2 protein chains.
Amino acid sequence: MTHKVSDSTIRRMSHYLRALEEMDRQEETTVSSTQLAEWGGTTAAQVRKDLSQFGSFGKRGLGYEVRGLTERLRAILGVDRRWRVALVGAGRIGAALFEYPNFRLRGFDLVGVLDVADDKVGRSWGELTIRHVEELEDVVSSEDVDLVIIAVPAAAAQEVADRAVEAGARGILNFAPTQLRVPEGVPLTDVNLVMEMEALSFAITSAEQGS
Amino acid sequence: MTHKVSDSTIRRMSHYLRALEEMDRQEETTVSSTQLAEWGGTTAAQVRKDLSQFGSFGKRGLGYEVRGLTERLRAILGVDRRWRVALVGAGRIGAALFEYPNFRLRGFDLVGVLDVADDKVGRSWGELTIRHVEELEDVVSSEDVDLVIIAVPAAAAQEVADRAVEAGARGILNFAPTQLRVPEGVPLTDVNLVMEMEALSFAITSAEQGS
DNA sequence: AGGTGTGAACACTTTCACAGCA
DNA sequence: TGCTGTGAAAGTGTTCACACCT
């Protein structure tokens, strides 16, 4: 049933979900594609096309039922469950993630933190104790980790990825500025701040020069 | 001359630039589109198409000269200069950026940090003193800020964006999980960690369910 | 021979426009 | 009437294949 769904569709689905949750908080019970589009900076047709890839959730003439659609989107995105996350690299990025409340609120539970540095291993982060990267396989399997966040220097990232996947991790979020190779079927997302800054730099520079 | 260039092209250009710098470090003097493609996980034709949008930089039968192409890419991306960056929100994300060495290495200088919290205002971060968000306009204009990074709660983000742009900021990197509205011509990039995690969640969930 | 630069073919995404249901 | 769901059209991005230069 489920054919290939584009990346941009998924990104927008996240957006719609956030919009719906906000609308529910404001006690709205129904919503139209037009309203959803305004919230997420897209068009009504786009919203309907996106949703239609997963089913028919609306009522003609009326719109979508906020609560119902919220549930459907949660199920589609797979966030109607909790995810177990291990963090490799207890530096600043790691700390930022650790303290980011939305993370837990949205269903992602940090169940392990690892680092190589001797002065970090053994320390406590909240209820977690930082463990040595050597123990990665152990943490992934014993803690039943689904997702691994890589926040280590570029040179160490590939090895961490290989071992995490081998040990059973099912998806990877990579902050290291390097192109990781992972087996077919293991989703990988990169977050590269320098790249984002360069995109801004380009946009400004080319606007300056283009007539 | 410069027609519309796609976002994905720019992302790949960043990649090529990083690859070239690495190759230069390894004392390679020329490089083919095939090699560049391998490095960035794309195809040779794609590399050539991307580059050809900005000019003809290669020699047929030979490839591209590493140093020369590096310079051209730097100029295209606008990173042959330094950028002045202000950071609004001195929380964990802010701290992570502040300590991220690649940031400065790649040409982005943090020249101002602001926050609302009284217990943060006045503190020192390296050579910078955290200033109150009230002073945003002042910082942007007196420090000649190009880019503003927004790392404040979602509810405060739009106001910060409006004031930053009004005061002369030319681009915005937004970490707040909300859809900002900025005037036409002001580039905006969003970094939304929950969204990235949800994309992983979807990929895993749909793979499980699809046949 | 070797590898670029590029039009043409192809694939994918978005927008349009309207039939159809509440 | 109002708004969804969806084929068809338009627009964008990627891949192919080859002429052309060194």
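Keep in mind it's a predicted model, so treat the numbers as computed, not measured. Computed over heavy atoms, backbone and side chain alike; hydrogens, waters and symmetry mates excluded. To find a chain, count down the sequence lines: A is the first, B the second, and so on, and within it residues start at 1.
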| message | At a heavy-atom distance below 4.0 Å, what parts of residues 10-26 of chain B sit against DNA chain D? | response | B/R12
| request: Please assess A/V191 against A/N174 for the test side chain to side chain contact (heavy atoms under 4.5 Å, CB included), listing each intermediate value before the final yes or no. | output: CA-CA 6 Å; A/V191 177; A/N174 175 42; over 6 Å; no
| For DNA chain C, which nucleotides open and close the run of contacts to chain A, 5' to 3', at under 4.0 angstrom from a non-hydrogen atom? | C/dT13 to C/dA22
| field | Residues B/V152, B/F175; criterion side chain to side chain contact (heavy atoms under 4.5 Å, CB included); working and verdict | value | CA-CA 8 Å; B/V152 302; B/F175 281 87; over 6 Å; no
| request: Evaluate side chain to side chain donor-acceptor pair (under 3.5 Å) for B/E196 paired with B/N192, printing each intermediate quantity in order. | output: CA-CA 7 Å; B/E196 308 300 348; B/N192 189 328; over 6 Å; no
| said: Please give me the minimum heavy-atom distance between A/V139 and A/L114, naming the atom from each residue. | reply: CG2-CD2, 4.0 Å
| task | Side chain of A/K49 only, please: which of D/dT15, D/dT4, D/dT6 is the nearest? | result | D/dT6
| request: Using atom CD of A/Q53 as one end and atom P of D/dT4 as the other, report the distance to the nearest whole Å. | output: 17 Å
| Going through the distances and angles, do A/R18 and B/Q179 end up as a side chain to side chain contact (heavy atoms under 4.5 Å, CB included)? | CA-CA 10 Å; A/R18 219 140 298 138; B/Q179 188 72 14; over 6 Å; no
| Quick one: does A/S201's side chain have a donor or acceptor within less than 3.5 Å of a partner on B/L77's backbone? | yes
| Whole-Å gap separating C1' (D/dT4) and CG (A/L69) | 12 Å
| field | Flag side-chain contact, heavy atom, 4.5 Å: A/Y64 against A/K59 | value | no
| field | salt bridge (Lys or Arg N to Asp or Glu O under 4.0 Å) between B/R163 and B/E166, intermediate numbers included | value | CA-CA 5 Å; B/R163 291 174 46 206; B/E166 180 63 31; over 6 Å; no
| query | Who passes side chain to side chain donor-acceptor pair (under 3.5 Å) against B/E28, sequence neighbours left out? | reply | none
| request: Identify whether the distance between the nearest side-chain nitrogen and carboxylate oxygen of A/R74 and B/E198 falls below 4.0 Å. | output: no
| field | Heavy-atom pair with the smallest gap, counting every atom of B/A161 and B/L180 | value | CB-CD1, 4.0 Å
| field | Main-chain N/O of A/F54 paired to A/D50 side chain as donor or acceptor, under 3.5 Å | value | no
| query | Should A/R84 and A/D146 be marked as a salt bridge (Lys or Arg N to Asp or Glu O under 4.0 Å) after you check the CA-CA gap, both sets of side-chain angles, and the distance that decides it? | reply | CA-CA 5 Å; A/R84 299 175 69 78; A/D146 300 299; 5.8 Å; no
| field | Selection: residues 29-41 of chain A, any non-hydrogen atom under 4.0 Å of DNA chain D | value | A/S32, A/S33
| task | Would you mind reading off the distance between B/D50 atom CG and D/dG13 atom P, rounded to a whole angstrom? | result | 11 Å
| note | Rounded to 10°, the helix from C/dA1-D/dT22 to C/dA22-D/dT1 deviates from straight, judged by its five-pair end axes, by 0°
| task | Classify every nucleotide of nucleotides 17-22 of chain D by which part a protein heavy atom approaches to under 4.0 Å, writing B for the base, S for the sugar-phosphate alone and - for neither, in 5'-to-3' order. | result | B-BBBS
| Considering only heavy atoms from C-beta outward, does the side chain of B/V148 approach that of B/V88 to under 4.5 Å? | yes
| Would you call A/E21 and A/R67 a salt bridge, using N to O less than 4.0 angstrom? | no
| query | Counting any heavy atom closer than 4.0 Å, what does A/T43 reach on the DNA or RNA strands: base, sugar-phosphate only, or nothing? | reply | sugar-phosphate
